[in-house]
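Only one structure is covered here, and it is reproduced in the block below.
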Amino acid sequence: MAASSVPNTSPSTRSHAAPVSSSTRFASAAAVAPFAGLATISGVQAWEWLFSGLTKLQNDAFIRGFLSFVSHTPGPYGRLMASRARTFGGILPRLVEATELSLGVSLGLAAVLVLVPRWRVRRVAILVAGAASLVGVVLAVNIAILAGDRAPWKLGMAPFSTGIPVEALLAAISLAGVAEAYSAWRTGRALLAPVAERS
C-alpha cells in the first residue's frame, strides 16, 4: 500500500492557537496608544510649522517687515527684540524661517518613525519629537508675545474671531507633544523591562 501524503495527526497532537483574550487585546492597544498619540500630535505640529516656514520662505515681505513687526511689541522685551533686529536684520528672520522649517521636517519624520515597531527607531523618534515640541512651545510663546496676542485666559471681544489666539493654541499642542513624548518613552521602557529580565 502506498504511503499517504496526509500526515497522521490525532486531535490530541494537533496544535491549536490559544485564543486571544479581551484583556490581552486591551493591553496591546494600551501599549500602542502613546505611540499613536505622539504620531498624531507630532503630525499636527509638523503641518503648522512646515506651512508657516514655507509661507515665510516664498515671500520676502517677512524679511522686509520683520523689524517693523517686532518694533510694535510693548515693554522691555519688545525694545530688546527691536534692538537685536536692527543689529542682525538679515539674520534673525532667516533664523525664524530655518527654525520653523526644521521643526516641520523633524516632527513629520518623528510622526512616521515612532510607528515603526523597533525600539531603537522609536527611541530616536520620541527624543526628536519631545525636543522639537519643547522648542515649539518656546517659539509659539515668543511669537504670541511679539504679536501682542491677548492672554489665552481672557475672552476676546470680537465674536467672529477665534476663541483663543492661534499661537496660544499651538503652544498648548506643543506642550501636549512634550507630555505625550514622555508617556511614549515610559511605555517603551516598560515594554522592554520584561525582556531585560528574561535575558
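The model shown is predicted, which means the values in this text are computed figures rather than measured ones.
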Checklist entry - Linking Ile, Leu, Val, Met, Phe, Trp and Tyr by side-chain heavy atoms under 4.5 Å, what else ends up with Val178? => result Leu134
Checklist entry - Excluding sequence neighbours, so at least two apart, what forms side-chain hydrogen bond (donor to acceptor under 3.5 Å, both in side chains) with Glu167? => result none
Item to check | Stepwise side chain to side chain contact (heavy atoms under 4.5 Å, CB included) check, Val70 with Arg79 | outcome: CA-CA 8 Å; Val70 299; Arg79 292 192 293 271; over 6 Å; no
Next on the checklist: Show every side-chain hydrogen bond (donor to acceptor under 3.5 Å, both in side chains) that has at least one partner inside residues 34-47, sequence neighbours left out.
Outcome noted: Gln45-Ser133, Gln45-Ser174
Checklist outcome for this item: The complete set of salt bridge (Lys or Arg N to Asp or Glu O under 4.0 Å) pairs with one or both residues in residues 168-180, sequence neighbours excluded, reads none
Item to check | By side-chain hydrogen bond (donor to acceptor under 3.5 Å, both in side chains) - contacts of Asn59 (at least two apart) | outcome: none
Item to check | Tyr77 with Val141, same ILVMFWY side-chain cluster at under 4.5 Å | outcome: yes
Checklist entry - In terms of hydrophobic clusters joined by side-chain contacts under 4.5 Å, are Val96 and Ile63 together? => result yes
Next on the checklist: Tell me the closest heavy-atom pair linking Ile126 and Ala181, and the distance in Å.
Outcome noted: CG2-O, 3.3 Å
Checklist entry - Minimum heavy-atom separation for Lys56 to Glu97, with atom names? => result O-OE2, 3.1 Å
Next on the checklist: Return the CZ to CZ distance between Arg122 and Phe35, rounded to the nearest 0.5 Å.
Outcome noted: 4.5 Å
Item to check | Co-membership, hydrophobic cluster, residues Val105 and Leu54, 4.5 Å side-chain | outcome: yes
Item to check | Hydrophobic cluster (4.5 angstrom, side-chain heavy atoms) - remaining members for Val124 | outcome: Val128
Checklist entry - What closest approach, in Å, do Val137 and Ala171 show between heavy atoms, and which atom pair accounts for it? => result CG2-O, 3.8 Å
Next on the checklist: Among residues at least two apart in sequence or on other chains, which ones pass side-chain hydrogen bond (donor to acceptor under 3.5 Å, both in side chains) with Arg186?
Outcome noted: Tyr182
Item to check | Members sharing Leu107's hydrophobic cluster (side chains within less than 4.5 Å) | outcome: Trp49, Leu103, Val135, Leu139, Ile143, Leu170
Checklist entry - In Å and rounded to the nearest 0.5 Å, what is the CZ to CG distance from Arg84 to Leu67? => result 13.5 Å
Checklist outcome for this item: Residues passing the side-chain hydrogen bond (donor to acceptor under 3.5 Å, both in side chains) test with Thr73, sequence neighbours excluded, are none
Next on the checklist: Suppose the criterion is salt bridge (Lys or Arg N to Asp or Glu O under 4.0 Å): which pairs have a residue in residues 104-114, not counting sequence neighbours?
Outcome noted: none
Checklist entry - With the 4.5 Å side-chain cut-off for hydrophobic clustering, are Phe66 and Ile145 part of the same group? => result yes
Checklist entry - Within the side chain of Ser52, is there an N or O that forms a donor-acceptor pair under 3.5 Å with the backbone of Glu48? => result no
Checklist outcome for this item: Closest non-hydrogen atoms of Gly108 and Ala46, given as atom of the first, atom of the second and distance, are N-CB, 3.4 Å
Next on the checklist: For a quick test of reading the model, state the closest non-hydrogen atom pair linking Ser106 to Ala132 and the distance between them.
Outcome noted: OG-CB, 3.9 Å
Checklist entry - Are Leu146 and Val166 connected, step by step, through hydrophobic side chains (Ile, Leu, Val, Met, Phe, Trp, Tyr) whose heavy atoms are closer than 4.5 Å? => result no
Checklist entry - Out of curiosity, Met81 CE to Asn142 CG, how far, rounded to the nearest 0.5 Å? => result 5.5 Å
Item to check | For Ala147, all residues meeting side-chain contact (heavy atoms from CB on, under 4.5 Å), sequence neighbours excluded | outcome: Phe69, Asp149
Item to check | Rounded distance (nearest 0.5 Å) linking atom CZ of Arg118 with atom CG of Leu113 | outcome: 12.5 Å
Item to check | Pairs satisfying ring pair (Phe, Tyr, Trp, His ring centres under 6.0 Å), at least one member in residues 94-124, at least two apart | outcome: Trp119-Trp185
